[in-house]
Visitor: 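Pasting a structure below so you can have a look.
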Amino acid sequence: MIGLGNSRRGMKSPPLLVAALLACIIVLGFNYWIASSRSMDLQNRIMELEGRVRRAAVERGAVELKKNEFQGELEKQREQIDKIQSLHSFQMENANRLHQEEKVGLF
């Protein structure tokens with residue numbers, strides 16, 4: 001009879017145990033669903049940020065190219081200015097020399 005009492009007691013606890021297990025499964029499923037949603041949101045955010053980084057890198061490359069072009073153009077203009085200044089200085093020296101020679105020739 002002791003064996004029957006134990007088995008009878010065992011028969012009453014499984015519905016409670018099953019209910020507890022079902023509650024745990026529901027809670028775990030809900031937590032998994034929330035974690036999965038957050039994970040997908042984070043993955044989308046990462047993809048968006050990676051896209052921004054790629055666009056920024058492309059824009060930076062374009063800016064670097066323009067900067068290099070402008071520096072090259074600036075260097076060319078500086079060289080032209082130097083040539084013009086040296087030519088102007090040479091012409092002014094010649095004009096001054098001629099003026100001095102004419103002055104000496106008059107006196």
Side-chain angles (χ1 to χ4, degrees):
M1 290 276 188
I2 295 175
L4 288 177
N6 285 341
S7 69
R8 190 172 177 200
R9 188 176 208 193
M11 294 298 273
K12 286 185 179 179
S13 59
L16 185 60
L17 185 61
V18 169
L21 286 175
L22 281 176
C24 287
I25 289 172
I26 289 171
V27 168
L28 288 174
F30 185 70
N31 284 342
Y32 175 78
W33 178 64
I34 290 174
S36 176
S37 296
R38 287 182 182 166
S39 175
M40 285 179 43
D41 289 342
L42 290 174
Q43 285 178 346
N44 289 337
R45 178 98 168 123
I46 287 171
M47 288 173 51
E48 178 185 328
L49 291 173
E50 286 176 346
R52 284 184 184 177
V53 167
R54 279 190 221 106
R55 283 191 298 273
V58 168
E59 288 175 6
R60 181 178 176 193
V63 167
E64 286 289 326
L65 285 175
K66 285 199 176 225
K67 177 186 143 193
N68 291 339
E69 287 177 18
F70 285 136
Q71 283 179 340
E73 197 64 33
L74 182 64
E75 189 62 34
K76 286 179 186 177
Q77 288 178 356
R78 284 183 181 160
E79 289 173 3
Q80 287 177 347
I81 289 171
D82 289 342
K83 286 179 184 178
I84 291 170
Q85 283 179 341
S86 65
L87 180 62
H88 180 24
S89 295
F90 179 72
Q91 288 175 347
M92 288 300 292
E93 287 173 10
N94 284 339
N96 283 338
R97 191 174 339 115
L98 283 174
H99 178 69
Q100 290 297 326
E101 289 174 1
E102 286 176 2
K103 228 180 183 183
V104 169
L106 288 175
F107 293 112

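None of the values given here were measured: they were computed from a predicted structure.
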Visitor: Between the side chain of Ser36 and the main-chain N/O of Tyr32, is any donor-acceptor distance below 3.5 Å?
Guide: no
Visitor: Give, for atom CD of Glu50 and atom CZ of Arg45, the distance between the pair rounded to the nearest 0.5 Å.
Guide: 12.0 Å
Visitor: Measure the CG-CG distance between Leu17 and Leu22 for me, rounded to the nearest 0.5 Å.
Guide: 10.0 Å
Visitor: Distance-only, no hydrogens or angles: does the Ser39 side chain make a donor-acceptor pair with backbone N or O of Ala35 under 3.5 Å?
Guide: no
Visitor: To the nearest 0.5 angstrom, please state how far the CD atom of Glu73 sits from the CZ atom of Arg78.
Guide: 12.5 Å
Visitor: Once rounded to the nearest 0.5 Å, what's the spacing between atom OG of Ser89 and atom CD1 of Ile84?
Guide: 12.0 Å
Visitor: What I want to find out is whether Glu48 reaches Arg52 closely enough, with some N-O distance under 4.0 Å, to be called a salt bridge.
Guide: yes
Visitor: So, taking the atom named CD in Glu69 and the one named CD in Gln71, what distance separates them when rounded to the nearest 0.5 Å?
Guide: 11.0 Å
Visitor: Return the CZ to CD distance between Phe70 and Glu75, rounded to the nearest 0.5 Å.
Guide: 15.5 Å
Visitor: Tell me, with the steps shown, if Gln85 and His88 meet side chain to side chain contact (heavy atoms under 4.5 Å, CB included).
Guide: CA-CA 5 Å; Gln85 283 179 341; His88 180 24; 5.6 Å; no
Visitor: Using a 4.5 Å cut-off on heavy atoms from C-beta on, say whether the side chain of Asn94 contacts that of Arg97.
Guide: yes
Visitor: Taking the side chain as everything from C-beta on, heavy atoms only, tell me whether Val58 gets closer than 4.5 Å to Arg54.
Guide: no
